[in-house]
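Because the structure is a prediction, the values reported are computed rather than measured. Each chain gets a letter, A, B and so on, in the order its sequence line appears, and its residues count up from 1.
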Amino acid sequence: MCGGGALVHSRFAPDPPIRAHRCLGPACTGPGRVLDSGPAMETDPLLTSLNDEQRRAVTTVDGALLVLAGAGSGKTRVITHRIAWLIASGKARPWQILAMTFTNKAAGEMKERIVRLLGESANDLWLGTFHSVGVRLLRQLAGYANLQPSFTIYDADDSLRATGRAMKALGLSDKLVPPKRVQHFIDRAKNRCLLPDDPRLAALPDARRDRLFIDAYKAYEDELRRANAVDFGDLLLRPVQALHAHKDVCAQLSQRFRYVLVDEFQDTNFAQFELLKLLTSAHGNLCVVGDDDQSIYSWRGAEVSNILGFPTQFAGAGVVKLERNYRSTATILAASTAVVQRNAGRHGKVLWTEAGAGDPIVVHVAGGDRDEAEWVAKRVAALRGKVGLDEIAVFYRANALSRVIEDALRASRLPYVVIGGFRFFERAEVKDALAWFRAVLCPDDTEGFLRAVQNPKRGVGDTTLEGLGDRARRDGISVPAAARRSLDDGTAGRSRAKLTEFFAVVDRLRVAAETDAAPVVGARILKASGLQQALEAEDTQEATDRVQNLQELLRALEEHAGTAEDRTLRGFLARTALVADTDQLGDGQGRVSMMTVHAAKGLEYDAVFVVGLEDGLLPHQNAIADEGRDGGLEEERRLFYVAMTRARRWLHLSYARQRRRFGGAPIETTPSRFLQDVPTDLCVLDDGWGPARPLARSTAWLRERTAQEEPSFARGAWGPAGRWGAPSRPPAAVSVPVRAGGVTRPLGIGLRAPDLHATDPDDGPADDAPAIQRGEAPSYQRGSRVRHAGFGLGQVVEVDDTGANLKLTVQFRLAGTKRLDARYVRPA
DNA sequence: GAGGGACCTCTATCT
DNA sequence: GAGGTCCCTC
């Protein structure tokens, strides 16, 4: 998308004027109020609501600081209060603070909260995603980065096409090497700040195998240069290069940003860390907040070593651990901790909570993917009475899983919103419109030109465009420039009239684009391009929907022109290139949210469903195949951990015994190996037929059923340790301290993964199977220790064998005293 | 050069 | 199940 712009002011914009201060929040202390760090700390409203660790993280402002923030530990609160503190204590003016996040949504939320604390002066902060900050820097640094100010940003799609063209130019068959792999290689190189001529490039895995990758990288860079385009990787790499090469500019910039803060630091890559080091080179005031247990982006170049090695990189860096969880019930916290503790490479935090045990985790084993989806819909409907739909979320490993859940929710008339998957800005008609915007604003944007000139069809075909591509390469210019040149020197051939007409329209629009407001220009382009007309002429329902999407695009443009910093059409294009799935999250829409686990990071809901817990999905097949390499499985486990820790009160885990892939026939699945890390006594099983029941008993029930129907199933379901094959590490005896009334005590004793005893139907009861599963009735007396799947450990206080069934009154450690059927407990 | 039908392959995850 | 690609016809 077209990024840069003619907005190149002085090298760095002068400090913005101080705006009138308008207090919006009770904790607002006004701009520039100087606090002495002594007694005021005790009483300052910014600090009183924080716990000791949070307060330390907020007030330790000079030098480097690493804040290790566990899930739900009030991380955002720390960042926002720290920014407010910096300003309130007079350490910095808003424009001297740079705060970076990973998604626009996180940035937006953060800004909102800071405005509440500080008032309107918060608008002068530099706050945004790494990539949007990259665009902003690059605009100001364009001259130092060999870019025209009107540069274009290629999205993943554009860059894949450019990769394909680069490969074609080299005579590289896309059958031999898929362009996607080359693109991935280039992306990794850029994440590590490696240019095509860097000898270290040869150390990357693919490069060693094949020199072609490096040649393709070179040709790809040439494609970008001629199109005056940058890709996502460049948004970080180019500023880094420019600042390395121009130390004076770097120093100037670093002095301007006196305090730099970073959220989700565990997911930064090499280039991002380089940028941070450069931006803080003058003062070293860098505060990073993250959680190594939530590092889930290594595949995108994130280096968890950034966070693990931070204290070494910044000698003398302070470290603050936030370990108190304010989000989830003790049960959810204990279960998720049991899962993540299986990982070896951790900083090691011990999360604790004062929250009560809450409800047990609900586990569901469905027959097929549709059954699983129907169960989710049923549970959602049941939860509706307790909680709003917008407090319920369904998470899955891959977008492909959303469809069947959507169908079930729709059938049950439950409103939902899918985050990601098919994005608005990826719809064909929207991309066509954006291509026209680009063709008008960015004269050398090759991808924009190629798409615009063929949509709507105007008789310029592949043969013509290929010829223009060759010429562009020969002359070292962009494809649209080559097209114009061919018109000038009369080599355009058969397409001459069509191309002439196309450029006439584009040029006319370009003149208007310089002067008129963005929404006006946008509407005019839709009209003059013929896009809208072509769709209207189709007169089908589908075409009508597409026209509506174009109207929606214009509405988005209007909104942009009313609110954004850069209100031009160019600014709009830059923004659409950088929108993420989670950014579209509407607030309080009264709808169930559906998204991938990756998209769920940083969010929280009262009720969470994690579906498709099967080997091959979570953990993903590729991670299983790579076992042992790069800790792929550990990252998958962290992904499961992230999913679980999004839940405040109700957590549901499910898998299907059979699942369809690619719309084909159902295939047998194996339950996720991570399920065996979830302590069974924190779970109940809901089979979808009656009330949820304790897991031990219901698994026996399942075993009976599946022994008849699916002999292969029982092998997978929560077998005793070892039945799955030896666990990678000895099962940890998990104990999550729960602080209640000032006393710390473990929640659940010896919660160990799996202590359920489903057995293979054909090899008889296991020796260590509890008596109930061997058909003997265990005997109980007062004082007997028993275990219940939902309530945990307890002690029998009364035995009643007068009725048909043995009844026990049990004093549970956490759940209190209960009277229940002896069949629901087993000796502990 | 456009358009339509048959066939294929494909899925992680995302700025 | 669906988008992309190939091939054929107009």
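Under the rule for a ring-ring contact (aromatic ring centres under 6.0 Å, His included), A/F674 has no partner lying at least two apart in sequence or in another chain. Residues passing the ring-ring contact (aromatic ring centres under 6.0 Å, His included) test with A/W299 are A/Y297, A/H598, sequence neighbours excluded. Listed by chain and number, the residues in a ring-ring contact (aromatic ring centres under 6.0 Å, His included) with A/H560 are A/F572 (sequence neighbours excluded). A/A373 meets the side-chain contact (heavy atoms from CB on, under 4.5 Å) test with A/V404, A/I405, A/A408; sequence neighbours excluded. In this structure, A/Y416 has no ring-ring contact (aromatic ring centres under 6.0 Å, His included) partners at least two apart in sequence or on a different chain.
Distance from the side chain of A/R300 is smallest for B/dC14 among the nucleotides B/dT11, C/dA2, B/dC14. Residue A/T129 has its side chain nearest to B/dT15 when only B/dT15, B/dT11, B/dT13 are considered. In this structure, of B/dT11, B/dC14, B/dT15, it is B/dT11 that holds the atom nearest to the side chain of A/A400.
Separation of the P atoms belonging to B/dT13 and C/dG4 is 15 Å when rounded to the nearest angstrom.
In this structure, CG of A/D187 is placed 13 Å from P of B/dT15, rounded to the nearest angstrom. Whole-Å rounding puts the A/I186 CD1 to B/dC14 P distance at 21 Å. Per the geometry, CG belonging to A/L236 stands 13 Å off C1' belonging to B/dC14, to the nearest Å. Counting to the nearest Å, the C1' atom of B/dT11 and the CD1 atom of A/I624 are 15 Å from each other. Put simply, CG on A/N269 is 12 Å from C1' on B/dC14, counting in whole angstrom units. Computed from coordinates, the A/E406 CD to C/dA2 P distance equals 12 Å when rounded to whole Å. At whole-Å resolution of the value, NE2 in A/H620 and C1' in B/dC14 are 14 Å apart. Rounded to an integer number of Å, the gap from CG of A/L401 to P of C/dA2 is 16 Å.
Take the nearest nucleotide of DNA chain B for A/E636 and for A/A156: the residue whose nucleotide is more 5' is A/E636.
Where stacking is scored as ring centres under 5.5 Å apart with planes under 30°, A/F662 registers as stacked on the base of B/dC10. Aromatic stacking is not marked for A/F130 over B/dT15, as the cut-offs of 5.5 Å for the centres and 30° for the planes do not both hold.
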For nucleotides 1-7 of chain B, which of its nitrogen or oxygen atoms have a protein nitrogen or oxygen under 3.5 Å away, and what is each distance?
from	atom 1	to	atom 2	distance (Å)
B/dG1	OP1	A/T464	OG1	2.3
B/dG1	OP2	A/T463	OG1	2.6
B/dA2	OP1	A/G459	N	3.2

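Phosphate proximity of B/dT11 to A/N399: absent, as no side-chain N or O sits under 4.0 Å from OP1 or OP2.
At a threshold of 4.0 angstrom between heavy atoms, the contacts of A/A398 are confined to the sugar-phosphate backbone, with no base atom among them.
Classification of A/K431 and A/D155 as a salt-bridged pair holds, one side-chain N sitting under 4.0 Å from a carboxylate O.
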- Task: Let me see the working for A/W436 and A/F449 under ring-ring contact (aromatic ring centres under 6.0 Å, His included), right down to the final yes or no.
- Result: CA-CA 7 Å; A/W436 268 88; A/F449 165 78; 9.8 Å; no
